[in-house]
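Below you'll find the structure, written out as structure tokens, and then a few comments.
Since the model is a prediction, treat every value here as computed from it, not as a measurement. The figures here come from the full heavy-atom set of this structure, side chains too, leaving out hydrogens, waters and symmetry mates. Sequence lines set the chain letters: A, B, ... in the order given, protein chains first and strands last, and positions in each chain run from 1.
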There are 2 protein chains.
Amino acid sequence: MGYQLELRHFNYFLAVAEELHYRKAAEKLCISQPGLSRQIKQMEEILEVKLFVRTKKKVSLTAAGEYLKSEIEFILNHLEVTKKQLRHIRDGNFGEVRIGFLGSAMQEVIPDLLIKLKDKFPGIQTNLEELSNNAQINAIVKDKLDMGFVRTARVPEGLNIQPVYTDTFSVVLPELYPLLTREFRDVGQLAEENFILFAQDYSPLYFDTVMSICEDAGFTPKVSHKSVHAQTIFKLVENNLGIAIIPTSLQYGFQMKVKFIELKNIPQRAVLSVCWKEDNRNPALRHCINLLLNQSR
Amino acid sequence: MGYQLELRHFNYFLAVAEELHYRKAAEKLCISQPGLSRQIKQMEEILEVKLFVRTKKKVSLTAAGEYLKSEIEFILNHLEVTKKQLRHIRDGNFGEVRIGFLGSAMQEVIPDLLIKLKDKFPGIQTNLEELSNNAQINAIVKDKLDMGFVRTARVPEGLNIQPVYTDTFSVVLPELYPLLTREFRDVGQLAEENFILFAQDYSPLYFDTVMSICEDAGFTPKVSHKSVHAQTIFKLVENNLGIAIIPTSLQYGFQMKVKFIELKNIPQRAVLSVCWKEDNRNPALRHCINLLLNQSR
DNA sequence: CTAATTGATAACCCATAGTTATTAAGTGTG
DNA sequence: CACACTTAATAACTATGGGTTATCAATTAG
């Protein structure tokens with residue numbers, strides 16, 4: 001009767017909603033099954049809404065339960081972030097920003113940002129994680145990440161995206177490849193080679209752009225290998241397994257027996273963008289974004 | 001110890017944060033003061049963060065407490081909205097949309113929307129509230145309102161705005177005013193009259209637009225009265241206390257002894273826009289916005 | 001000084017979360 | 001169909017800890 005909804009109910013509800021099995025959920029929560037049953041029942045009474053359908057050995061969510069699940073996930077995650085921020089504030093820090101990035105952002109943009117952050121906002125903690133374009137965007141939507149460095153043109157509704165670094169492309173050739181830089185005119189000369197590219201699902205935009213570079217030069221490349229790490233690509237090139245086209249800045253920081261020819265005369269550019277959720281409540285994020293966008297102009 | 005944060009703590013914390021006085025807060029919560037003291041202390045232990053400073057008869061929030069207050073307010077409000085939505089889903093309804101509006105939106109746009117909603121989504125409940133531009137925008141930012149009908153050009157970051165109805169302006173004159181419609185050429189003829197306008201802080205854009213209409217006609221109007229209700233303005237005009245310039249559609253629905261002359265030949269238009277929060281999680285809102293934006297094109 | 005605030009502490013009580021034991025109902029096998 | 005073996009719900013009990021009252025220490029006001 002005069003009961004009150006509590007966070008405990010939320011955790012119990014989520015466990016059942018995930019397992020769709022009272023005993024298993026109770027085990028996961030380290031409580032007994034009847035206790036769990038009663039709490040869920042109580043929750044339904046408090047909310048005056050049926051959340052689960054128990055029928056013939058099967059537990060399933062009602063429409064309302066489905067909706068509640070996503071909202072509770074949102075609230076509990078928000079709470080976790082808040083707790084973390086609280087500790088940062090207590091320690092005299094301003095907050096934490098969780099940053100996702102593609103490996104290629106580590107060459108220029110991220111070190112720059114970190115140095116400027118340390119200078120202007122020494123209190124802001126950073127938490128870096130290397131992820132694919134899609135993984136970053138999903139994490140940002142779910143508030144698991146505050147911002148991401150991606151190579152993509154379109155993002156879901158509710159996300160903002162701004163270019164922060166524009167790069168030419170370069171061809172990567174084995175060190176002893178019989179073509180001198182001064183003899184190089186355009187990519188068409190490499191039409192017969194095998195190409196090694198970043199995997200399409202890792203960065204669809206990159207993939208399409210490289211294809212368009214080749215098409216502009218009048219051929220369709222034979223793609224022999226796909227990889228997600230620059231190092232792997234360079235290694236393959238070094239071993240004469242093919243050639244590659246990559247964003248120019250990626251060449252720095254590797255010691256490989258390969259040579260680079262920058263494609264200055266084509267219109268395509270590799271654009272690295274920063275992406276964040278419009279309504280992210282993390283105040284430290286705003287400072288980061290401002291630093292990034294002002295420095296690049 | 002192995003204590004756990006609960007919603008109860010949130011409500012207690014908010015009461016103390018608002019009253020800044022344990023006894024008064026305890027009274028408001030209908031519990032005893034020692035109980036409240038203990039719960040707050042426990043909360044600080046769980047979070048490992050001091051939330052209040054108790055010093056010499058005065059209770060005040062720490063920086064962390066200040067931050068937590070705003071986050072808890074956000075979470076509890078979100079929870080209330082979720083509960084309401086749950087009941088709508090249970091009742092076979094799709095959800096509830098809380099709509100704010102300026103009085104002038106009630107003539108055309110809102111009745112239209114409500115009829116279409118009833119037709120296409122009979123399950124969506126609406127909750128209408130007449131508010132000023134600013135009050136609406138603040139409420140939308142704080143998730144107290146899902147959408148608003150405003151006359152303004154700029155909105156804070158995170159809000160979307162789209163025009164839904166464009167209107168000419170009309171001059172409002174007393175019924176017996178010695179100027180026939182066919183004699184009317186431009187507003188300049190009314191340069192010597194007193195003007196009655198909507199209050200500037202009620203709708204800054206309207207105010208500026210009317211000023212620009214007069215300036216284009218080569219004079220600066222003498223503003224004698226400001227009001228927030230169309231009815232009041234008409235009443236003042238009826239009693240020869242001045243003349244007005246209003247969005248044309250406002251004239252419908254009133255029985256007043258005034259006449260209207262539409263200003264068809266000036267470029268200014270009164271634009272009514274719909275405004276909503278980009279990341280609003282209310283699924284019913286999307287349907288509303290889609291209905292609105294499709295119908296107006 | 002005394003009186004009247006304030007929030008914190010201590011000791012107690014009882015509501016209720018969580019327990020164990022059991023039941024009812026469903027599923028599947030031979 | 002009887003059988004074992006699930007499942008979640010129910011009943012009765014236990015004990016944690018939220019809320020209570022009584023009191024204290026500290027500050028402020030007169």
Side-chain angles (χ1 to χ4, degrees), chain A residues 1-62 64-66 68-69 72 76 79, chain B residues 1-62 64-66 68-69 72 76 79:
Chain A
M1 303 17 197
Y3 288 75
Q4 195 68 35
L5 204 60
E6 291 295 348
L7 290 181
R8 165 177 29 91
H9 293 112
F10 290 179
N11 288 309
Y12 291 2
F13 170 82
L14 272 198
V16 179
E18 276 160 21
E19 299 289 333
L20 292 177
H21 196 292
Y22 276 76
R23 192 179 50 72
K24 285 182 194 161
E27 256 171 43
K28 199 162 103 177
L29 293 165
C30 299
I31 62 169
S32 66
Q33 173 265 315
L36 179 59
S37 277
R38 206 156 57 112
Q39 289 296 308
I40 297 289
K41 192 182 167 192
Q42 195 184 89
M43 194 172 172
E44 292 182 323
E45 278 164 9
I46 295 170
L47 294 171
E48 301 175 328
V49 175
K50 270 250 162 308
L51 300 172
F52 294 100
V53 189
R54 294 83 152 173
T55 168
K56 307 194 176 200
K57 282 236 181 213
K58 258 221 292 255
V59 177
S60 57
L61 281 161
T62 62
E66 207 75 66
L68 185 61
K69 181 174 177 239
I72 286 185
L76 291 186
L79 198 62
Chain B
M1 296 77 220
Y3 288 74
Q4 194 67 34
L5 204 59
E6 291 295 349
L7 289 182
R8 165 174 31 87
H9 293 111
F10 290 180
N11 288 309
Y12 291 1
F13 170 82
L14 271 198
V16 179
E18 275 160 22
E19 299 288 333
L20 292 177
H21 195 294
Y22 276 75
R23 192 179 50 75
K24 285 181 194 163
E27 257 170 42
K28 199 162 104 178
L29 294 166
C30 300
I31 62 167
S32 66
Q33 173 265 314
L36 179 58
S37 277
R38 206 155 58 114
Q39 288 297 309
I40 297 289
K41 191 181 168 191
Q42 195 184 90
M43 194 173 173
E44 291 182 323
E45 279 164 8
I46 296 170
L47 294 171
E48 301 173 332
V49 176
K50 269 250 161 307
L51 300 173
F52 293 101
V53 189
R54 295 82 151 173
T55 168
K56 308 195 176 202
K57 284 232 177 211
K58 258 221 294 252
V59 177
S60 56
L61 281 161
T62 62
E66 206 76 65
L68 186 61
K69 181 173 176 237
I72 285 185
L76 291 186
L79 197 62

key: Side-chain donor-acceptor contact under 3.5 Å, A:R8 with A:Q39   = yes
request  = Return the residues of residues 35-43 of chain A meeting this criterion: a heavy atom under 4.0 Å from some atom of DNA chain D. Order them by number, or give none.
outcome  = A:S37, A:K41
Closest non-hydrogen atom pair between B:I46 and B:H9, with its separation = CD1-CE1, 4.2 Å
message = Please find the pair of heavy atoms, one from B:L20 and one from B:S60, that lie closest to each other, and give the distance.
response =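 Looking at all heavy atoms of both residues, the shortest contact is CD2-CA, 4.0 Å.
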Taking atom [atom2] of [N] as reference, at what distance in whole Å does atom [atom1] of [X] sit?
X	N	atom1	atom2	answer
B:K58	D:dA26	NZ	P	20 Å
A:E19	D:dA8	CD	P	11 Å
B:E6	C:dA17	CD	C1'	11 Å
B:Q4	C:dA17	CD	P	14 Å
B:E44	C:dA8	CD	C1'	12 Å
A:L51	D:dA8	CG	P	16 Å
A:I46	C:dT16	CD1	C1'	12 Å
B:E45	C:dA8	CD	C1'	13 Å

ask   = Mind checking what makes side chain to side chain contact (heavy atoms under 4.5 Å, CB included) contact with B:E66, not counting sequence neighbours?
value =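 Residues passing side chain to side chain contact (heavy atoms under 4.5 Å, CB included) with B:E66: B:L61.
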request  = Identify, with sequence neighbours excluded, every residue that meets side chain to side chain contact (heavy atoms under 4.5 Å, CB included) alongside A:E19.
outcome  =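 A:E19 satisfies side chain to side chain contact (heavy atoms under 4.5 Å, CB included) with A:H21, A:K24, A:A25, A:K28 only.
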So which protein N/O to nucleotides 3-6 of chain C N/O distances come out below 3.5 Å?
from, atom 1, to, atom 2, distance (Å)
C:dT5, O2, B:K57, NZ, 2.9
C:dT6, OP1, B:H21, NE2, 3.2
C:dT6, OP1, B:R23, NE, 3.3
C:dT6, OP1, B:R23, NH2, 2.6
C:dT6, OP2, B:R23, NE, 2.9

request  = Carefully, step by step, assess B:V49 and B:L68 under the rule side chain to side chain contact (heavy atoms under 4.5 Å, CB included).
outcome  = CA-CA 10 Å; B:V49 176; B:L68 186 61; over 6 Å; no
Working for side chain to side chain contact (heavy atoms under 4.5 Å, CB included), residues B:S37 and B:K41 = CA-CA 6 Å; B:S37 277; B:K41 191 181 168 191; over 6 Å; no
ask   = B:P34 has a side chain; which of C:dT9, C:dG18, D:dG19 sits nearest to it?
value =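 The answer is C:dT9, which lies nearest to the side chain.
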inquiry  = What's the closest nucleotide to the side chain of A:Q33 if the choices are C:dG18, D:dA8, C:dA8?
reply    =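 Between C:dG18, D:dA8, C:dA8, the one nearest the side chain of A:Q33 would be D:dA8.
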ask   = Should the pair A:R38-A:E44 be classified as a salt bridge under the 4.0 Å nitrogen-to-oxygen rule?
value = no
message = Over the length of the helix from C:dC1-D:dG30 to C:dG30-D:dC1, how much do the five-pair end axes diverge, rounded to 10 degrees?
response = 20°
task = Could you label the plane-to-plane angle of the B:F52 and B:Y22 rings as parallel, tilted or perpendicular, counting under 30° as parallel and over 60° as perpendicular?
result =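 Ring orientation of B:F52 relative to B:Y22: perpendicular.
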C:dT20 OP1/OP2 closer than 4.0 Å to side-chain N/O of A:S32 =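 Indeed not, no polar side-chain atom of A:S32 lies that close.
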key: N/O (side chain, A:Y12) to phosphate O (OP1/OP2, C:dG18) under 4.0 Å   =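 Answer yes for this pair, as a side-chain N or O of A:Y12 is under 4.0 Å from OP1 or OP2.
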query = If you round to the nearest 0.5 Å, how far is NZ of A:K69 from OG1 of A:T62?
reply = 12.5 Å
request  = Could you go through the side chain to side chain contact (heavy atoms under 4.5 Å, CB included) check for A:I40 and A:L51 one step at a time?
outcome  = CA-CA 9 Å; A:I40 297 289; A:L51 300 172; 5.6 Å; no
For B:R23, all residues meeting salt bridge (charged side-chain N to carboxylate O under 4.0 Å, His left out), sequence neighbours excluded =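 For B:R23, the residues satisfying salt bridge (charged side-chain N to carboxylate O under 4.0 Å, His left out) (neighbours in sequence not counted) are B:E27.
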